[in-house]
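Here the structure is a predicted model, which is why all the values come from computation and not from measurement. Letters go in sequence order (proteins before strands), and every chain restarts at 1.
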Amino acid sequence: MAKNCPGCGAPMEYDPGFDALVCGSCGNIIDPKSLPDANDFYLNYDEDETTALEDTLEEEELTGETYDCHIYTCSQCGGEVIVSGTEVSTKCVYCGSTAVVFNRIAKERRPDYILPFKVSKEEAVANVKKQLKAGFFVPRYFKVTEPSVVRGIYVPYFLYEGWFKDTQRFMVGHETRIYDGECEFIDLPVEACKNLADQTTMQLEPFHLNEKVEFDSSYLMGFYSNIQDLDLKHARGNATIKARAFFDEEVLRQIQSGTVRKIKRVTSVPKSEFARSSYALLPVWFVSIEKKGTPYTFLINGQTGKVVGTVPWNRLLAALMIGVSFLALASFATFFFIKSGILPAAMGYTERVSRVSRKTGGYEEVYGGLAVISAALGLMGYGFARFKKVLDNLNLSRSVVTFIFSKKRQGDAK
Amino acid sequence: MIFVLLCYAASIIASVGLSFLFVGVILEKSNSFGSNKESVSCMKKFKLMDASQTPKL
């Protein structure tokens, strides 16, 4: 059900810049709270109609050639709007009306809060372009291509309250240390849908939840949204895991600030208690750039504008850089090896070892060399590991799951 | 002499590692966005006590 302009009757959209509903036709600006909340509609939804819809879908599944979605009629133009199974709202694909589909939202709990979009579509795209242009290894294609999909989506989150305590034993250098720590969590956000990769959504944070407002369907106008499809048992587990990660990170940060010695966590005895306090919708922009049929999706925090995502690198440039770096370092190493006195020192060591080795069999020299080789191999492994990390991030950004999440909202999921 | 040769080989191997490390760090900053750590605003009243320094009775 769309919210129409009281002046001209055209559908209105929520504009983050004005923090108000704006009429695209006559330019009328209205406070979202001044319009009657259409949520009452779905509190009194027609159960028979919903059951009939489900029956129809079951029949369609039996005959094949269907995908998991619901078909609704646009309240504005009468056209049929296709949405995925967990949609709350969508735009009409025919008239572009921001019709909110209450049939589906009626089955789920109404969100307690919503964090309205603060970053506009233009700002979100500009942020992504700025990041891409600044990237040294970003292929030119990504710097000049316009995004193929830009969608503002409200992602559902459970907000938890609780506490976390832990007694952790560390090895600080050769010394054993025990630390007792505790903290409280207020509005710990835990993603309530399965469609998105956890790592991606964690990178989107922080959301400043002190700016959340009571849920009003007016904020959904012009945006898409999804309802919770993660069960509470898993969500609570995720809350504990997330709290522990934050806690561990903070403990390590505080211990590391006071020492330069190597720190290793040996044991941990965590205790925690969390209770779901509320259910909220948080704003995320999905910006996709397609290259040869492969989508590269960037997520932008709709409140802070933080960009999350990865693009492939310019392989030729990267290979060239590695080659040049290697030649430079190898030349430097050779020069340094000969000129710095390491060579004479090594020769001296060899002579000393040779004298000893006459008595012991001659293995000391080899052992010393192997130790140095091992250290070098460790360094090489670390270099490769950094490369792998970048590759992992790239795969996450390419993730089909992430793409489907935004693609489905266009009504053309395959 | 073996030790000298092994040391030189090690420096070449280390050069390979450092090249990947160098390009990897630039690549990460250049092509991966949003991996920087930010403060956790939902965590309140954090307390940490060094229990190993508590006097033993």
- [ ] Tell me, with the steps shown, if A:Glu184 and B:Lys44 meet salt bridge (charged side-chain N to carboxylate O under 4.0 Å, His left out).
- [x] CA-CA 5 Å; A:Glu184 283 181 16; B:Lys44 314 277 180 193; over 6 Å; no

Which residue out of [options] racks up the most heavy-atom pairs below 4.5 Å with chain B?
{"options": "A:Thr334, A:Leu209, A:Asn301", "result": "A:Thr334"}
{"options": "A:Leu327, A:Asn314, A:Val307, A:Asp187", "result": "A:Val307"}
{"options": "A:Ala243, A:Gly323, A:Pro206", "result": "A:Pro206"}

Working to the nearest 0.5 Å, report the span between [atom1] of [X] and [atom2] of [Y].
{"X": "A:Arg253", "Y": "B:Leu48", "atom1": "CZ", "atom2": "CG", "answer": "10.5 Å"}
{"X": "B:Asp50", "Y": "A:Ile255", "atom1": "CG", "atom2": "CD1", "answer": "8.0 Å"}
{"X": "A:Ile322", "Y": "B:Leu18", "atom1": "CD1", "atom2": "CG", "answer": "12.5 Å"}

Is [X] in contact with chain B via its backbone, its side chain, both, or neither, using a 4.5 Å heavy-atom distance?
{"X": "A:Leu132", "value": "both"}
{"X": "A:Ala330", "value": "both"}
{"X": "A:Ser374", "value": "neither"}
{"X": "A:Glu182", "value": "both"}

TODO: Please step through side-chain contact (heavy atoms from CB on, under 4.5 Å) for the pair B:Val23 and A:Phe137, ending with a clear verdict.
DONE: CA-CA 10 Å; B:Val23 177; A:Phe137 286 113; 3.9 Å; yes

Task: Residue-level interface, residues 161-170 of chain A with chain B, non-hydrogen cut-off under 4.5 Å - done: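 None at all.
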
TODO: Please name the pair of heavy atoms, one in A:Ala333 and one in B:Ser15, separated by the smallest distance, quoted to 0.1 Å.
DONE: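 Scanning both residues, the minimum pair turns out to be CB-OG, 4.3 Å.
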
Task: Nearest non-hydrogen partners of A:Gln131 and B:Phe33, listed with the distance - done: OE1-CD2, 3.5 Å

- [ ] Show your working on side-chain contact (heavy atoms from CB on, under 4.5 Å) between A:Phe185 and B:Met43 and close with a plain yes or no.
- [x] CA-CA 5 Å; A:Phe185 284 92; B:Met43 195 159 71; 3.7 Å; yes

Open item on the list: Just so I understand: if I count every heavy-atom pair under 4.5 Å between each of B:Ile26, B:Ile12, B:Leu21 and chain A, which residue has the most?
Closed with: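 It is B:Leu21.
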
Taking [atom1] in [X] as the centre, count heavy atoms belonging to other residues, nucleotides or ligands within less than 6.0 Å. Is the count above 12?
{"X": "A:Lys130", "atom1": "NZ", "result": "no"}
{"X": "A:Phe384", "atom1": "CZ", "result": "yes"}
{"X": "A:Phe332", "atom1": "CZ", "result": "no"}

Open item on the list: For B:Phe46 and A:Phe247, I'd like to know if the aromatic rings sit close, meaning centre-to-centre distance below 6.0 Å.
Closed with: yes

- [ ] Could you tell me whether the side chain of B:Ser30 and the main chain of A:Phe136 form a donor-acceptor pair under 3.5 Å?
- [x]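 Looks like yes, one N/O pair under 3.5 Å.
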
TODO: Sort B:Tyr8 into side chain, backbone, both or neither according to what part of it lies under 4.5 angstrom from a heavy atom of chain A.
DONE: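 It is both, since atoms from each part get that close.
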
